[in-house]
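What follows is a single structure, written as structure tokens, with notes after it.
The chain is numbered in sequence order, starting from 1. Model, not experiment: these values are computed from the prediction. Heavy-atom basis, side chains included; hydrogens, waters and symmetry copies ignored.
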Amino acid sequence: MPVTLDAFVMFLGWIGAAAGVVAYAMVSRGRWAASSAPFQLTNLTAAGLMGMVAAANGVWPSVAANIVWILIGVQAIVVIVRARARRRATVDDVAAPAAAVVPGAVTTTVPDAVLPDGDPSPREVGLAA
């Protein structure tokens, strides 16, 4: 039985719908932050796939809503990437000691700077007031 383009598009739509539900569930259960990259990327995937299905079926109000959803997701990803770059630059500045070694002087060691493992807070990425 050959797979038609319509069936393939419908399958991708189901994947998009599932991705949207997973993202919502993960945030609702506190496993992901709304400002986290996994949540935003999953939402972006869901919007893209469901928007494609809506376009293939001529459901233009849904296409418009999904385009807005995609634009919001792209903006959130850009903010997250910029915040992480700023944090890495700050950590690199802290990690590179600027003091010169003077013979006979007591030296202190600067602890290694560690990037936080968690995602940035909403305030760090500009998603909260």
Side-chain angles (χ1 to χ4, degrees):
M1 178 173 157
V3 176
T4 65
L5 183 59
D6 286 341
F8 182 68
V9 168
M10 186 70 66
F11 175 73
L12 291 178
W14 280 108
I15 290 174
V21 169
V22 166
Y24 180 68
M26 295 299 273
V27 167
S28 295
R29 292 180 176 203
R31 303 237 177 171
W32 288 349
S35 62
S36 70
F39 174 73
Q40 294 299 333
L41 290 170
T42 304
N43 258 328
L44 203 54
T45 301
L49 292 174
M50 290 192 297
M52 177 190 61
V53 171
N57 290 297
V59 185
W60 302 114
S62 183
V63 171
N66 279 290
I67 288 172
V68 171
W69 190 0
I70 289 168
L71 291 173
I72 292 169
V74 167
Q75 186 270 339
I77 293 295
V78 167
V79 169
I80 290 169
V81 168
R82 285 181 180 166
R84 287 183 179 178
R86 279 194 307 271
R87 269 202 332 266
R88 284 192 181 108
T90 301
V91 168
D92 289 344
D93 290 344
V94 170
V101 177
V102 178
V106 176
T107 59
T108 59
T109 59
V110 176
D112 292 333
V114 178
L115 275 176
D117 290 339
D119 291 310
S121 72
R123 185 151 297 174
E124 286 178 310
V125 297
L127 295 178

Quiz prompt | Set of side-chain contact (heavy atoms from CB on, under 4.5 Å) partners for Leu49, sequence neighbours left out | solution = Leu12, Ile15, Thr45, Met52
Self-check item: Partner residues of Met10 under the side-chain contact (heavy atoms from CB on, under 4.5 Å) criterion, sequence neighbours left out
Solution: Trp14
Quiz item: Is there a side-chain contact between Gln40 and Leu44, using heavy atoms and a 4.5 Å cut-off?
Solution: no
Quiz prompt | Closest heavy-atom pair and its distance - Ala56, Val9 | solution = CB-CG1, 3.9 Å
Scan the side chains in residues 60-68 for donor-acceptor partners under 3.5 Å anywhere in the protein, sequence neighbours excluded, and list what turns up.
residue : atom : partner : partner atom : Å
Trp60   : NE1  : Gly58   : O            : 3.4
Ser62   : OG   : Asn66   : ND2          : 3.3
Asn66   : ND2  : Ser62   : O            : 2.8

Quiz prompt | Rounded distance (nearest 0.5 Å) linking atom CD1 of Ile77 with atom CG of Asn43 | solution = 9.5 Å
Exercise. For Thr4, enumerate each residue passing the side-chain contact (heavy atoms from CB on, under 4.5 Å) test, keeping only those at least two apart in sequence or located in another chain.
Key: Asp6, Ala7
Quiz item: If you measure from CG on Leu41 to OG on Ser36, what distance do you get to the nearest 0.5 Å?
Solution: 8.5 Å
Self-check item: Residue pair Ala37 / Arg84: nearest heavy atoms and the distance that separates them
Solution: CB-NH2, 3.9 Å
Quiz prompt | Remaining members of the apolar cluster that contains Val27, side-chain heavy atoms under 4.5 Å | solution = Val22, Met26, Trp32, Phe39
Exercise. Run through the side-chain heavy atoms of Ile, Leu, Val, Met, Phe, Trp and Tyr, join any pair under 4.5 Å, and report what else lands in Val21's cluster.
Key: none
Quiz item: In the single-linkage hydrophobic clustering (I, L, V, M, F, W, Y; side-chain heavy atoms under 4.5 Å), do Phe8 and Val53 co-cluster?
Solution: yes
